[in-house]
Amino acid sequence: MCINDNINKADATMLAWRQSAIVNWSMTERSSCYICQARTVDEIRQALTAARGRGLSVIAHGAGHSYTDAALNNGGLLLDLSAMRRVLAWDPARGIMRVEPGVSIGEVARVALADRWWPPVTPSTASATVGGCVAMNVNGKNAWTHGSFGEHVLSLTVLLVDGQLLTVSPTQDGELFRALVGSAGLLGIITSITLQLRRVPSDRVEVSVRPGRSLRELFQIFEDEQAADYLEAWVDGFAAGRELGRGIVTVSNHSERVTSAGPLAFRLPEQSMHRLAHWGGILCRPLVESGVRGANSIIYRGSRWPARTGPRQTPLVRATYYAPALFTGYRVLLPAGSETFQAFVPATEAGSLFAEILRRSQEHGYVPLWCIIKRHRRDPFLLSYQVDGFSLEVNYRLIPERAQGLHQLLRGLMELVIVAGGRFYLAKDSLLTHSLYRRSIGDAAVAAFLDLKLHYDPDLLLQSNLYRRVFQPSLQQHAER
């Protein structure tokens, strides 16, 4: 920062701010706010001081991969931590890595894989930041065996709003640690993360594809393959009748032996891939529903050919992370964005509830363009959204003139999830209200979180649109008790 000597640090930070409109990952909400990029802990402190002096709320922001308003802050300050991207320490003998919050999970994987380590839990987007993974406590394709991201965090360094820098872990300030993981950045600013990585035998996985003609068959495959390293089911949202819920379960296992991959397939340069995805999205936009329906049918029927079922050896990185160009195509294909709904439901209720979600979507004319099923288990964190069961993620094309009907459908589905003992994910469910959230996660968890919020952030400096949607009404009720 280039400033005059007679300007104090708070004002100096203010000079680095800019006003801008930020859009969430699903492109459904735009937020006008101030943005300040911090590169050090001292710069974070300066930004907090300046924001407090001007009566502005603050929320941390990483790569912006939350589908909801978790990192949006209307009229407040968005604290951009993406420049804090140093790997601070790496111990290849023990697989322990310490990073700043802006380091991407893809960079963690790149550094670790060279020494045959790998993130125990990772999302499917390589550019997601480690700070964001902690703040939303992300899950992956092995959630039923390895739980959530936070279960592999050895410690966190967090800057509280009073300027105090704390190191917390499962055994040191454990209550705060278990609340910080999954808190959506509302208790403090994470400044470093120490991770325990997982030893892997090679940089390859053996991938098999198992088709299922119905939801029942997909769940049976999950049961049969529960010894696998990774499982994820893709579901054809257009299939109905006896084929309701048909799809494909991708089964992946770490490869003990690397075999020759044969001739390298031709791959376009990254820039050309993005350009191709851009124009492909434009050309396909008028035929989204019919195109997806046709593609789903081809993918499913093709998966039934014996030659396609596998196993085949695939690079671990390619099997884990989506190609960045896909997101370019997604944004062009769906210019009004997409609405995402993810239900986490106990195993005993999952089959019937997921079938009802698909049926109601079809009956109301809102067929999800893509659907994903994963298996999960509970984790020890205060705001845990996982259950011993399964999740169904459904993604709908957002058409502005039909948005109201879609939102009514999704809120009705949320009621069904609560009745089934299910929960919701703050990074995915943008229509979640404070009442629905309390009923799903329980009054005790919300009350405990609000007590910690008032203790560590009594002036409520750390806020976001999500906070005001989900927690602020509950805080008002909490204060009246």
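Keep in mind the model is a prediction, meaning the values are calculated, not measured. Here, residue 1 is the first one in the sequence, and each next residue gets the next number.
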Would you indicate whether the side-chain heavy atoms of [Y] and [X] approach each other to under 4.5 Å?
X	Y	value
Val58	Leu48	yes
Leu466	Ile59	no
Tyr300	Arg304	yes
Leu460	Ser57	no
Val292	Phe238	yes
Arg85	Ser104	no
Thr320	Tyr230	no
Ser66	Asn24	no

| message | Could you walk me through whether Asp443 and Arg438 satisfy the salt bridge (Lys or Arg N to Asp or Glu O under 4.0 Å) test, starting with their C-alpha distance in whole Å, then the side-chain angles of each, then the deciding distance to 0.1 Å, before giving a yes or no? | response | CA-CA 6 Å; Asp443 288 338; Arg438 289 186 73 103; 3.1 Å; yes
Can any side-chain N or O of [X] pair as donor or acceptor with the backbone N or O of [Y] at less than 3.5 Å?
X	Y	result
Ser124	Tyr322	no
Ser31	Ile22	no
Glu217	Arg213	yes
Arg423	Ser384	yes
Asp379	Gly147	no
Tyr385	Ala427	no
Asp69	Ser430	no
Asn142	Pro120	yes

To check you understand the geometry: which heavy-atom pair defines the closest contact between [X] and [Y], and what is its length?
X	Y	result
Pro101	Thr191	CD-O, 3.1 Å
Ala336	Pro400	CB-CD, 3.9 Å
His364	Arg402	O-NH2, 3.7 Å
Leu382	Ala448	CD1-CB, 4.0 Å
Ser464	Asn73	CA-OD1, 4.2 Å
Ala343	Val417	CB-CG2, 3.5 Å

| field | No-hydrogen, no-angle side-chain donor-acceptor test under 3.5 Å, Ser361 and Tyr396 | value | yes
| Is a side-chain donor-acceptor pair under 3.5 Å present for His376 with Ser391? | yes
[atom1]/[X] to [atom2]/[Y] distance, rounded to the nearest 0.5 angstrom?
X	Y	atom1	atom2	value
Leu369	Glu339	CG	CD	12.5 Å
Leu334	Arg397	CG	CZ	6.5 Å
Thr129	Leu81	OG1	CG	8.0 Å
Gln342	Cys371	CD	SG	11.5 Å
Leu180	Leu383	CG	CG	10.5 Å

Within a 6.0 Å radius of atom [atom1] on [X], are there more than 12 heavy atoms belonging to other residues, nucleotides or ligands?
X	atom1	result
Arg285	CZ	yes
Glu401	CD	yes
Glu175	CD	no

| said: Let's go through Arg293 and Asn296 carefully: what are the C-alpha distance in whole Å and the side-chain angles of both, what is the deciding distance for side-chain hydrogen bond (donor to acceptor under 3.5 Å, both in side chains) to 0.1 Å, and is it a yes or a no? | reply: CA-CA 5 Å; Arg293 181 194 293 269; Asn296 283 359; over 6 Å; no
| request: Walk me through it: do Ser148 and Asn139 pass the test side-chain hydrogen bond (donor to acceptor under 3.5 Å, both in side chains)? | output: CA-CA 5 Å; Ser148 61; Asn139 64 85; over 6 Å; no
| How far apart are the C-alpha atoms of Ser32 and Gln19, what are their side-chain angles, what is the distance that settles it, and do they pass the side-chain hydrogen bond (donor to acceptor under 3.5 Å, both in side chains) test? | CA-CA 7 Å; Ser32 178; Gln19 272 192 297; 4.9 Å; no
| message | By the definition salt bridge (Lys or Arg N to Asp or Glu O under 4.0 Å), identify the one residue from Asp459, Asp457, Asp162 that meets it with Arg52. | response | Asp459
| message | Let's go through Val138 and Tyr425 carefully: what are the C-alpha distance in whole Å and the side-chain angles of both, what is the deciding distance for side chain to side chain contact (heavy atoms under 4.5 Å, CB included) to 0.1 Å, and is it a yes or a no? | response | CA-CA 9 Å; Val138 301; Tyr425 186 23; 3.5 Å; yes
| said: Using side chain to side chain contact (heavy atoms under 4.5 Å, CB included), reason through His152 and Arg198 one step at a time and then give a plain yes or no. | reply: CA-CA 9 Å; His152 308 279; Arg198 175 190 182 189; over 6 Å; no
| request: Using the ring-ring contact (aromatic ring centres under 6.0 Å, His included) rule, take Phe390 and Phe354 through it: C-alpha gap first, then chi angles, then the decisive distance, then the call. | output: CA-CA 10 Å; Phe390 295 86; Phe354 292 176; 7.2 Å; no
When the ring planes of [X] and [Y] are compared, do they come out parallel, tilted or perpendicular, using 30° and 60° as the limits?
X	Y	value
Trp25	Tyr67	perpendicular
Phe449	Phe471	tilted
Phe424	Phe341	tilted

| message | Using side-chain hydrogen bond (donor to acceptor under 3.5 Å, both in side chains), reason through Tyr321 and Thr122 one step at a time and then give a plain yes or no. | response | CA-CA 9 Å; Tyr321 300 117; Thr122 178; 2.8 Å; yes
| query | Has Lys453 got its NZ or CZ under 6.0 Å from the middle of the six-membered ring of Tyr467, at an angle within 45 degrees of the ring axis? | reply | yes
| Out of Gln362, Glu356, Glu363, which residue meets the side-chain hydrogen bond (donor to acceptor under 3.5 Å, both in side chains) rule with Arg360? | Glu356
| remark: Tested for side-chain hydrogen bond (donor to acceptor under 3.5 Å, both in side chains) against Arg377, the lone hit among Glu151, His146, Gln386 is Glu151
| task | Just do the salt bridge (Lys or Arg N to Asp or Glu O under 4.0 Å) check on Glu29 and Arg469 with the steps written out, would you? | result | CA-CA 13 Å; Glu29 187 172 341; Arg469 170 170 57 90; 5.9 Å; no
| task | Quick one: do Arg242 and Ser214 satisfy side chain to side chain contact (heavy atoms under 4.5 Å, CB included)? Show the steps, please. | result | CA-CA 7 Å; Arg242 288 186 300 177; Ser214 64; over 6 Å; no
| request: Evaluate the criterion side chain to side chain contact (heavy atoms under 4.5 Å, CB included) for residue pair Val108 and Val103; output intermediate values, then yes/no. | output: CA-CA 7 Å; Val108 170; Val103 171; 3.9 Å; yes
